[in-house]
Each structure stands twice: as C-alpha cells, then as structure tokens.
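Structure record follows, encoded as structure tokens.
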Amino acid sequence: MKTDGPNASTFQTKHDGQAAEKGHTTLSGTHAINQPDYEAAGFRSATLVLGGARSGKSRHAESLIMAAPGPWIYLATGQAYDSEMQSRIEHHQTSRPTGWQTVEEPIDVAAILTRYANSPLLLDCLTLWLTNLLLEDHDIPSATDGLLRALATRTAPTVLVGNEVGLGIVPENRLARRFRDEAGFLHQRIAAKVTHVLFVAAGLPLTLKKEQ
C-alpha cells in the first residue's frame with residue numbers, strides 16, 4: 001500500500017491554515033478560528049444522515065422528509081459520468097414514491113436550499129457534491145460556508161445525506177486521501193450545527209446527536 005504524499009495530519013494543518021486565512025472554521029484540536037456566526041433557526045429542523053454504501057441511509061432519509069407534509073424536494077447532486085452511475089441514479093429515481101420533485105444541482109446547492117426554503121428538502125448527497133467541487137477545483141471551505149448560511153435560513157425540515165468514507169484503509173493516492181479528509185471536515189462542520197445526526201448501518205439508524 002502506497003503512502004506517498006502528505007499524511008492526514010499534514011493535510012489538516014494545511015487545510016486549517018487556508019481556512020483561517022479566509023475566515024472559515026477549522027477543526028484541529030479543540031479551538032475554532034474565526035468561526036462565522038450563523039442564525040440557528042434552520043439548524044433546529046435539520047438532520048445529517050451518515051452511513052456507508054448500501055447502508056440504507058438514503059431510504060431512511062427519505063422517510064424522515066416524508067414525515068412532513070409534501071410536496072418534497074429531492075436535491076440530487078450526482079452526475080452520470082458513466083453507465084454505472086447512470087444506473088444508480090435511475091435506481092434512486094424509480095424507487096421514490098410519488099410526491100417528490102427532483103431538482104438536479106451538482107455545485108450550487110446553497111441556491112436550491114434558499115429557493116425552496118419553505119419546502120421539506122432532502123439533499124442526496126453531500127459526498128457527490130464534494131466530488132463535484134474537487135473535480136472543478138472549487139473553494140471547498142467557502143462552498144461549505146454558503147451551504148451553512150443557506151441551511152440556517154430555511155423554515156422547512158432539511159435532511160442531508162453523506163457517505164462515511166473514513167472508516168476503511170488509508171487510500172493509496174493523493175486525490176483519494178484529500179477526498180477522504182475533506183469529507184470528514186465537511187461532515188464535522190455540518191454535524192456541529194444541526195440538531196440531529198444519525199449513522200445508518202444495515203438499515204438501522206443510530207442516533208449520534210439529538211438536541212431539542
């Protein structure tokens with residue numbers, strides 16, 4: 001297994017330094033540097049659902065949104081780069097019950113969160129959104145700030161789905177290691193703000209955080 005390139009500690013130090021220069025939250029140690037202040041209203045009705053591949057996280061996330069009166073917004077961030085991904089997208093589309101309005105947006109999810117602020121919304125998923133940001137060389141801390149600002153102003157329930165990719169072996173290439181680290185930072189920032197965080201394994205939701 002190759003271990004060339006920066007390790008997680010080196011990457012996090014660089015990530016925190018860049019974020020601090022731009023006024024973003026950092027996650028090293030116990031201190032947050034120059035953390036932006038966000039309104040809390042939208043966070044009180046927001047849930048983060050994490051889990052591995054085929055864990056049942058999307059199905060559970062859909063059930064959470066469907067507990068609210070419809071119609072429901074399905075904010076899809078995935079892009080069909082190949083036939084396998086196209087099949088996955090089609091599987092998700094056909095498995096959804098009626099009452100969903102699908103909005104596809106690979107990059108500017110903050111705009112969609114704001115546009116449908118009064119409608120129950122499922123964002124599936126954060127991981128593919130992060131992939132799109134990485135591939136197009138976007139500023140990830142700034143994009144995350146935008147997502148959090150939009151989330152804070154929402155009045156309807158919001159559920160955000162993310163793949164937990166940090167539980168396996170260390171990836172062998174630099175880009176994959178950066179993706180794993182950025183996903184961890186993204187999930188931490190969102191989990192720190194929302195009031196409800198779940199981890200789904202084998203179709204069973206485990207509560208990690210629940211605040212009134």
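- Between atom CZ of residue R178 and atom CG of residue L130 there is a gap of 8.5 Å, rounded to the nearest 0.5 Å.
- Using a 4.5 Å heavy-atom cutoff, the side chains of K193 and L151 are not in contact.
- Side-chain contact between F185 and I140 is absent, with no heavy atoms from C-beta onward closer than 4.5 Å.
- Listed for the R154 side chain is a donor-acceptor partner under 3.5 Å among the backbone atoms of L113.
- V200 and L204 sit in two unconnected hydrophobic clusters of ILVMFWY residues. Membership requires side-chain heavy atoms under 4.5 Å apart, directly or through other members.
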Mind running side chain to side chain contact (heavy atoms under 4.5 Å, CB included) on I73 and R115 for me, showing each step along the way? CA-CA 11 Å; I73 306 301; R115 183 183 308 168; over 6 Å; no
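- Side-chain contact check for T47 versus V194: every heavy-atom pair is 4.5 Å or farther apart.
- Looking at L121 and I65, their side chains never come closer than 4.5 Å, going by heavy atoms from C-beta outward.
- Contact between N118 and A156 at its shortest, heavy atoms only, is C-CB, 3.5 Å.
- Considering all non-hydrogen atoms of both residues, D108 and E105 come closest at N-OE2, 2.8 Å.
- Relative orientation of the W100 and W72 rings is tilted, given thresholds of 30° and 60° on the angle between their planes.
- Placement of V165 and L175 in two distinct hydrophobic clusters is found when ILVMFWY residues are connected by side-chain heavy-atom separations under 4.5 Å, directly or transitively.
- You'll find the side chain of I190 reaches within 4.5 Å of the side chain of L147, heavy atoms only.
- Two residues are said to be in side-chain contact when any heavy atoms from C-beta on lie closer than 4.5 Å; P171 and R180 meet this criterion.
- Between V49 and the options L126, V197, V159, a side-chain contact (heavy atoms from CB on, under 4.5 Å) holds for only V159.
- Residues R149 and D145 have side chains in contact (heavy-atom distance under 4.5 Å, counting atoms from C-beta outward).
- Nearest approach of H196 to K209, heavy atoms of both residues: CD2-O, 3.1 Å.
- No side-chain heavy atom of T158 sits under 4.5 Å from any side-chain heavy atom of L123.
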